[in-house]
Protein chains: 2
Amino acid sequence: MVTIKDIAARLEVSASTVGRALADDPRISAAMKQKVQEVANDMGYVVNRAARMMRGVSSNLVGLVVPDIRNSFYSTIAHALSKCLESADLQLTLSETDDDRLVELRHIRELTSVNVAGIIIVPTARPHPESVRLLKMTSCIQLLRRHASLGEHWFGIDDTQALFQATRHLVELGHQRIAYIGGTTDLPTGAARLQGFHGAVAGSKAAAHVREELGAPASTDFGRDAIRRLLALRSPPTAVVLGSVQNTQGALEELHASGVSVPETLSVVGFGDELGFRWWGPGLTTISLPVSELATACGLWFIHQLKQKSANPAPYSSVSPPTLVVRGSTRAVEAANASRAPARSRQLAG
Amino acid sequence: MVTIKDIAARLEVSASTVGRALADDPRISAAMKQKVQEVANDMGYVVNRAARMMRGVSSNLVGLVVPDIRNSFYSTIAHALSKCLESADLQLTLSETDDDRLVELRHIRELTSVNVAGIIIVPTARPHPESVRLLKMTSCIQLLRRHASLGEHWFGIDDTQALFQATRHLVELGHQRIAYIGGTTDLPTGAARLQGFHGAVAGSKAAAHVREELGAPASTDFGRDAIRRLLALRSPPTAVVLGSVQNTQGALEELHASGVSVPETLSVVGFGDELGFRWWGPGLTTISLPVSELATACGLWFIHQLKQKSANPAPYSSVSPPTLVVRGSTRAVEAANASRAPARSRQLAG
DNA sequence: ATGAAAGCGCTAACAA
DNA sequence: TTGTTAGCGCTTTCAT
């Protein structure tokens, strides 16, 4: 490895001169800078970040901590952040937690030990106290999910609004037996989405016939099974709204496999707008979330915050609005349906 | 930050004792190790990797360099590697090149400057000479794509075989006017796939009626446009085989949008087996690639190689076989079709 | 079984 | 404008 000393030796100047020249220090003459640059290039010099870090400067590494990068939400985020941080000469490191707080802790430990410039995290449901302690010492931004103990910096999506819109759409189409398939309320996102769902049916005729299937949000299997259970009911729902991408994917597979006619028998509103949702059956009506924009906003803010380098940057949080994309998988309950099915339900309710 | 010295001070021993205890050095008494561990935990000590690295030890960072993490190939790889490396206490850093050799160079520079333990890379078509030089100094494994200048370590897929199988399937179904949509031959993968396609039609009646649409493999738009062009031909193909995931996705969207009946009018073989390909129209017949397994194998090998820490590890490369998954989007040319269409083609060929 | 001390490559305070 | 020197936290001889 060629070091600053090697360059200094070759030019017969001191190491600090070279160091300063490389750092574009105003005290160094242009001529010297020029020469240093040349020799550095010639010898193939690359800074040793480790050494630099020992002088207190934090690294140019930014930790991204997500549950699973295969989830397109997170790969979209990783991409957007990577692009964004690149312009500030920052490198992204990737850590996957699998939604396990111990794995999360291990990764956070790792990240602190390499002195990351900061951490952008989609936290697990209840982070380990030690994780919390470590994150307090770093500049940390939360993404999508928000956990109070991890500080005020948060970029997220209005999950309540998302499910409210989705469900409202079904209510307005006249659906009364509406089911929700989504994550449990452990995660703040799960709770918020469920709340949106309830908010939308509240006060409508649908309120009495609502059914929830809550499970692991990151599992396609759960989505599949939930659909199966719903279809097996004596009076199955006429519409279903999904509360997570994976659950949606599982549900779509099951619906496709079981040959249920959508939207004739069942209206479906998905969560997220994955590639392929457009061509699922009649086209999936779904909630589209501005994930990429969110991540970019987060990255920009992170860089900004880093530049300030004030010990306690102003807390900031932002919520982005979701959009409902209406395609073919939802329609108004048919007259026949409306007279037959609700009659049954009414009995149940009464 | 609590350092080794702080622990030493508290225990009233020397820093080296603490260091050794933490490193589980055999010369330290069990009792001392015990005490050191306790105090370290108590004070919340985390190693300073930068300091450690200055002592010559390379970091626990492994650079993963891919074109675009949103591509599910690469996110699958990132996931598998991350899981795999985690067990060896290694961290993955993520770099996206966008298939731009200058961006690639920047990232590789960055990675060398943080002294990564190694780099796992899906190289661009023609890496910059400086990139090549830098990579020579690191332990580097190539994934999927292979560039001779980057050494012998490579884990990939038999691309030729993949397209051979896919195309052969169509030939055996009696198709004669078969089109190929895929990447240009700049990339070794593109060249290999095209070769597989040609190999499969060679000697068959289809050989004379083959048509190629070569473009950007990472572009869904190209797939969309290519399909449009093919359908507009006076004598359009009866079957099409795809040579990249994104091209496939674009093609599927276009076919869905334009309402072409598959497989009646056109048989389609996709590339890769994405979530959603199963439910596209009649189910997409496609080439499934063992990407996750590949990445795991690569990760395991990387760890193995790291442990050897011999200067020149034995070069190794491995090719994994693809599998053809037959679903509804391909079928034998109909009798009517077989008599009508080829008649036309034969005139063209004659 | 433990301690003292040197030094990794770089930066920054202090000198010249 | 450039040089000298100290020290970041850790590992690793060499001593004890």
Side-chain angles (χ1 to χ4, degrees), chain A residues 1-37 39-40 43-61 89 109-117 137 309, chain B residues 1-37 39-40 43-61 89 109-117 137 309:
Chain A
M1 276 283 85
V2 32
T3 80
I4 226 170
K5 275 188 187 165
D6 299 326
I7 302 179
R10 176 122 143 218
L11 282 168
E12 292 179 310
V13 294
S14 80
S16 27
T17 302
V18 176
R20 285 199 270 257
L22 257 19
D24 202 29
D25 189 299
R27 294 173 297 179
I28 298 295
S29 68
M32 180 56 89
K33 281 180 188 168
Q34 175 73 19
K35 276 194 287 181
V36 169
Q37 265 308 336
V39 176
M43 303 180 77
Y45 168 82
V46 238
V47 282
N48 185 331
R49 297 253 175 207
R52 180 175 287 177
M53 277 163 58
M54 291 225 30
R55 299 283 326 166
V57 188
S58 75
S59 75
N60 69 329
L61 253 40
D89 202 34
R109 272 233 175 77
E110 215 44 68
L111 293 174
T112 22
S113 86
V114 298
N115 239 305
V116 287
M137 302 167 26
K309 58 168 61 178
Chain B
M1 277 282 83
V2 32
T3 79
I4 226 170
K5 275 188 187 166
D6 300 326
I7 302 179
R10 176 120 143 220
L11 281 168
E12 293 179 308
V13 294
S14 78
S16 23
T17 302
V18 176
R20 284 199 270 256
L22 257 21
D24 200 29
D25 189 298
R27 293 174 297 180
I28 298 296
S29 69
M32 179 58 87
K33 280 179 188 169
Q34 175 71 20
K35 278 194 286 182
V36 169
Q37 265 307 336
V39 176
M43 303 180 77
Y45 168 81
V46 238
V47 281
N48 184 329
R49 297 257 175 206
R52 181 175 284 177
M53 276 164 59
M54 289 219 37
R55 299 285 324 176
V57 189
S58 75
S59 76
N60 69 328
L61 254 40
D89 201 35
R109 272 233 173 77
E110 214 44 68
L111 292 174
T112 26
S113 87
V114 296
N115 237 305
V116 286
M137 302 167 27
K309 58 168 61 178

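Letters A, B, ... mirror the listed sequences (proteins, then strands); counts begin at 1.
- Between B:S14 and C:dG3 there is a side-chain polar atom (N or O) within less than 4.0 angstrom of OP1 or OP2.
- Minimum atom distance to the side chain of A:S16 is reached by D:dT5, of the listed D:dT5, C:dG9, D:dT2.
- A:M32 comes within 4.0 angstrom of sugar-phosphate atoms only, judged by non-hydrogen atoms across all strands, and of no base.
- Between B:R27 and B:A51, the residue anchored closer to the 5' end of DNA chain D is B:A51, taking for each the nucleotide with the nearest heavy atom.
- Residue A:I4 contributes atom CD1, which lies 14 Å from atom C1' of C:dC8 at whole-angstrom precision.
- For B:T17 and C:dA1, a side-chain-to-base donor-acceptor distance below 3.5 Å is absent, hydrogens and geometry of angles not being considered.
- Separating the CE atom of B:M1 from the P atom of D:dG7 is a distance of 22 Å, rounded to the nearest angstrom.
- To the nearest angstrom, P of C:dA4 lies 13 Å from CD of B:E12.
- Within the 4.5 Å cutoff, the side chain of A:M53 has heavy atoms near those of the A:S59 side chain.
- A straight line from CE of A:M54 to P of C:dG7 spans 16 Å, rounded to a whole angstrom.
- Within a 6.0 Å sphere centred on NZ of A:K35, heavy atoms belonging to other residues, nucleotides or ligands number 12 at most.
- Counting atom types as modelled, B:R20 pairs a side-chain N or O with a base atom of D:dT13 as donor and acceptor under 3.5 Å.
- We find that CG of A:D6 is positioned 11 Å from P of C:dC8, with the value rounded to whole Å.
- Between A:I7 atom CD1 and C:dG9 atom C1' there is a gap of 12 Å when expressed in whole angstrom units.
- B:M43 has its CE atom 15 Å from the C1' atom of D:dG9, to the nearest Å.
- Regarding contacts with the backbone of D:dT11, a side-chain N or O of B:R52 is found under 4.0 angstrom from either OP1 or OP2.
- OP1 and OP2 of C:dA1 both lie 4.0 Å or more from every side-chain N or O belonging to B:S29.
- You won't find any donor-acceptor pair under 3.5 Å spanning the side chain of B:R55 and the base of C:dG9, going by distance alone.
- Residues A:L22 and A:Q37 have side chains in contact (heavy-atom distance under 4.5 Å, counting atoms from C-beta outward).
- Using a 4.5 Å heavy-atom cutoff, the side chains of B:R20 and B:M32 are not in contact.
- In this structure, the CG atom of A:D25 is 11 Å from the P atom of C:dA13, given to the nearest Å.
- Annotation: side chain of A:M43 is in contact with side chain of A:D6 (closest heavy-atom distance under 4.5 Å).
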